[in-house]
Amino acid sequence: MDERDKRRVGEQVEPGGRPKAPGRLELLQRFVNSYNHDLPRDWDRIGTAEKARAWLRKKGLIAPGDRVSAADATRLRELREAIRALAVANQGEPPDAGALEVIRAAAAAAPLGVEVDDDGRTSLEPAIRGVDGAAATLLGILHEAQLTGHWLRMKGCRQCGYAFFDRSKNRSAAWCAMSICGNRTKNRAYYRRRTA
């Protein structure tokens with residue numbers, strides 16, 4: 001994979017050619033995958049206030065005039081890693097207590113309201129604008145995914161933490177891509193067995 005393709009991972013390209021998460025859950029998946037820990041730090045799509053503003057704006061999570069401070073970008077990165085920790089916990093581990101606290105703090109600062117469309121369908125929508133409104137939208141998507149059962153299929157790769165949607169029948173997928181992280185894990189295990 002060349003550098004251009006690596007820069008597209010998490011936005012246009014999924015490792016191993018996996019399909020993206022369904023519906024609005026794809027936006028939450030994109031948020032978690034706005035940075036991959038295997039890639040250079042400057043590739044973080046919300047790594048600075050300017051990058052965070054551009055990413056949120058591109059995704060329609062903030063209005064053109066909304067500002068994003070360095071502190072806002074830091075809070076977004078903390079929320080991203082907390083949601084990633086929940087996705088990793090979907091591999092059968094208990095959720096990280098620190099991650100839960102970050103999510104609780106974001107939820108307290110990001111009120112949601114129930115909106116009703118012209119067909120009578122309801123959805124959770126942010127009660128405020130700006131970065132807190134964006135966080136509220138993402139938390140609303142998390143809530144909806146948990147209600148529909150889709151959240152249990154959103155997993156964090158055991159190797160790199162990349163969020164992927166597990167479409168396997170028995171929900172047993174463990175890596176973002178067998179050809180990448182699965183092979184790394186198996187090669188390390190093989191090497192340890194051979195050198196022991």
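The basis for the numbers below is simple: all heavy atoms, side chains too, and nothing from hydrogens, waters or symmetry mates.
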request  = Given salt bridge (Lys or Arg N to Asp or Glu O under 4.0 Å), test D44 with K51 step by step and report yes or no.
outcome  = CA-CA 8 Å; D44 188 340; K51 286 181 175 182; over 6 Å; no
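- Proximity of a side-chain donor or acceptor of N33 to a complementary backbone N or O of A163 within less than 3.5 Å is detected.
- Side chain of E115 to main chain of E125: no donor-acceptor pair is present (N/O by atom type, distance under 3.5 Å, no hydrogens or angles).
- A side-chain donor-acceptor contact under 3.5 Å links Q91 to the backbone of G156.
- Look at E101 and R104 and you find a salt bridge, because one of the NZ, NE, NH1 or NH2 atoms lies within 4.0 Å of a carboxylate O, short of that distance.
- Linking ILVMFWY side-chain heavy atoms closer than 4.5 Å, directly or via other members, places M154 and L138 in a single hydrophobic cluster.
- Between atom NZ of residue K20 and atom CG of residue L27 there is a gap of 12.0 Å, rounded to the nearest 0.5 Å.
- The line from NE2 of H143 to CG of L147 is 4.0 Å long, rounded to the nearest 0.5 Å.
- Between F165 and E26, every side-chain heavy-atom pair lies at or beyond the 4.5 Å cut-off.
- To the nearest 0.5 Å, atom CG of residue D66 and atom CG of residue L61 are 10.5 Å apart.
- Tracing side-chain contacts under 4.5 Å through hydrophobic residues (I, L, V, M, F, W, Y), one never reaches L139 starting from V88; they form parts of separate clusters.
- Residues V68 and W55 have side chains not in contact (no heavy-atom distance under 4.5 Å, counting atoms from C-beta outward).
- Closest of all the heavy-atom pairs between Q29 and F164 is NE2-CA, 3.7 Å.
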inquiry  = Please evaluate residues R53 and E50 with respect to the criterion salt bridge (Lys or Arg N to Asp or Glu O under 4.0 Å), reporting the C-alpha separation (whole Å), side-chain torsions for both, the decisive distance (0.1 Å), and the verdict.
reply    = CA-CA 5 Å; R53 184 180 182 284; E50 296 78 27; over 6 Å; no
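- With a 4.5 Å cut-off on side-chain heavy atoms, L76 and L56 count as touching.
- Distance check: I103 CD1 to L86 CG gives 4.0 Å after rounding to the nearest 0.5 Å.
- In this structure, the side chain of R77 engages the main chain of I46 through a donor-acceptor pair within 3.5 Å.
- Checked by atom type and distance alone, the side chain of R84 pairs as donor or acceptor with a backbone atom of V32 at under 3.5 Å.
- D96 places no side-chain N or O within 3.5 Å of a backbone atom of A82 that could act as its donor or acceptor partner.
- Side-chain atoms of P126 and D132, non-hydrogen and from C-beta on, never get closer than 4.5 Å to each other.
- Under a 3.5 Å cut-off, the side chain of D119 and the backbone N or O of R121 do not form any donor-acceptor pair.
- Considering CD1 of I141 and CG of L124, their distance stands at 10.0 Å, rounded to 0.5 Å.
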